[in-house]
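To start, the structure under review is shown below, and the notes come after it.
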Amino acid sequence: MAPAMISPLKKALGLLIVVWGSTSIGLAQSAFFEVASTPYDHQMERVEPTLTAPSAYSIYGPSVSVVNEWMMELRAMPYRYSREWQTPYEVELANVADCKGKAVALYERMQLNGATNLRLVIGKRRACDSLTHAWLEWQTRIGTLLLDPTFNWNAAIKLTNRRSYIAFYGYEGGHKFQAADSLLVSRQIATRAPAAPAHGAITRPMRSASRFRSNSWVLDEAPVDPRFFWSRPAL
């Protein structure tokens, strides 16, 4: 019996799956594809050495509990907007930073402690926000963790939601990515040249028991179960 004919539509679908699988690296729950450049490349030249530094060798990488401690420290740090990207050294020296500085500082700490599958993301925290925001996403065995030391005290499981944490671009080592759902990205760039990620002024947080809980503003992110406080990054 002659083999069944494969329709052109099925062939095209199969090719799309293969191409998508080869270009979407790292974070399985976030749809990114690799690009040669992004509109933020020039701005990020100051922190590029931090992003491209090789991750320190570690069997397991940092535990989620340790990452939460770093997030608490950065979350408690006073917020101050900077037009240019601050290096982790500058953040530590000044002890103030905006979302860009806090995210890159956390990125460096995690890299130095063996974290892999870690990505710096630029996008919007909420769809209605007029300004962009920066945070980290970390692929682990328990799923993609959202790390936002500007607003959150703890790591959170990233949930699919088009209303919050909308990614535009991502950076992982020497690789650059664009969010697959690029319609919003294209609209943002078409209206004006992308400014450095920054959120509105944030008052110094109060130190209280609430710091040990996920920030109540983030209604669409689930806190990490304490049972998984030692997680091995996915290979």
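At distances below 3.5 Å, at least one donor-acceptor pair connects side-chain atoms of S63 with backbone N or O atoms of V66. Between the D129 side chain and the R126 main chain, a donor and an acceptor come within less than 3.5 Å of each other.
Residues satisfying the side-chain hydrogen bond (donor to acceptor under 3.5 Å, both in side chains) criterion with R46, sequence neighbours excluded, are E90. Partners of A94 according to the side chain to side chain contact (heavy atoms under 4.5 Å, CB included) rule, which considers only residues two or more places apart in sequence or in another chain, are R80, V96. Residues meeting the side-chain hydrogen bond (donor to acceptor under 3.5 Å, both in side chains) test with Y171, sequence neighbours left out: T38.
Atoms CZ and NE2, from F32 and H175 in turn, are 14.5 Å apart once rounded to the nearest 0.5 Å. Rounded to the nearest 0.5 Å, atoms CG (L51) and CZ (R119) are 12.0 Å apart. Here T132 contributes atom OG1 and K100 contributes atom NZ; the two are 8.0 Å apart, rounded to the nearest 0.5 Å. If you take NE2 on H133 and CD1 on I166, they are separated by 12.0 Å, rounding to the nearest 0.5 Å. From S55, atom OG reaches atom CD of Q111 across 4.5 Å, with rounding to the nearest 0.5 Å. Taken from CG in L131 to NZ in K124, the straight-line distance is 8.0 Å, to the nearest 0.5 Å.
Residue D98 comes nearest to Y79 through the heavy atom pair CA-CE1, 3.5 Å, listed as atom of the first residue, atom of the second, then distance. Nearest heavy-atom pair across A56 and N113 is CB-N, 4.5 Å. Nearest heavy atoms, Q43 versus W85: O-CD1, 3.3 Å. M77 and N95 make their closest contact through CG-O, 3.1 Å (heavy atoms, listed as atom of the first residue, atom of the second, distance). Of all heavy-atom pairs spanning T150 and C99, the tightest one is OG1-CA, 3.1 Å.
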>> Apply side chain to side chain contact (heavy atoms under 4.5 Å, CB included) to residues M44 and I122 and explain how you reach the verdict.
In response: CA-CA 11 Å; M44 297 181 67; I122 296 173; 4.1 Å; yes
> side chain to side chain contact (heavy atoms under 4.5 Å, CB included) between V121 and Y169: does it pass, once the steps are laid out?
Replying inline: CA-CA 6 Å; V121 179; Y169 295 98; over 6 Å; no
> Under the side chain to side chain contact (heavy atoms under 4.5 Å, CB included) criterion, do V104 and L120 qualify, and how do the steps go?
Replying inline: CA-CA 7 Å; V104 174; L120 172 69; 4.3 Å; yes
> Stepwise, does the side chain to side chain contact (heavy atoms under 4.5 Å, CB included) test hold for Q139 with L145?
Replying inline: CA-CA 6 Å; Q139 178 67 21; L145 300 187; over 6 Å; no
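Residues Y165 and D148 are in side-chain contact: their nearest non-hydrogen atoms beyond the backbone lie under 4.5 Å apart. Between W138 and P62, some side-chain heavy-atom pair lies under the 4.5 Å cut-off. Using a 4.5 Å heavy-atom threshold, the side chains of W153 and N68 count as separate. Within the 4.5 Å cutoff, the side chain of L147 has heavy atoms near those of the M71 side chain. N117 is not listed as a side-chain neighbour of T140, based on a closest heavy-atom distance of 4.5 Å or more. Looking only at side-chain heavy atoms (C-beta outward), L146 and I157 stay at 4.5 Å or farther from each other. Residues P149 and W135 form no side-chain contact, since every pair of their non-hydrogen atoms from C-beta on lies 4.5 Å or further apart.
The stretch residues 36-45 participates, sequence neighbours left out, in these salt bridge (Lys or Arg N to Asp or Glu O under 4.0 Å) pairs: D41-K176. Each salt bridge (Lys or Arg N to Asp or Glu O under 4.0 Å) pair with one or both residues in residues 102-118, not counting sequence neighbours, appears once here: E73-R109.
By the 4.5 Å side-chain criterion applied to Ile, Leu, Val, Met, Phe, Trp and Tyr, L93 is assigned to a cluster that also includes Y89.
Side-chain N/O atoms of T144 and E137 include no donor and acceptor closer than 3.5 Å.
Using a 4.5 Å cut-off between side-chain heavy atoms of Ile, Leu, Val, Met, Phe, Trp and Tyr, with links allowed through other members, L112 and M110 fall into different hydrophobic clusters.
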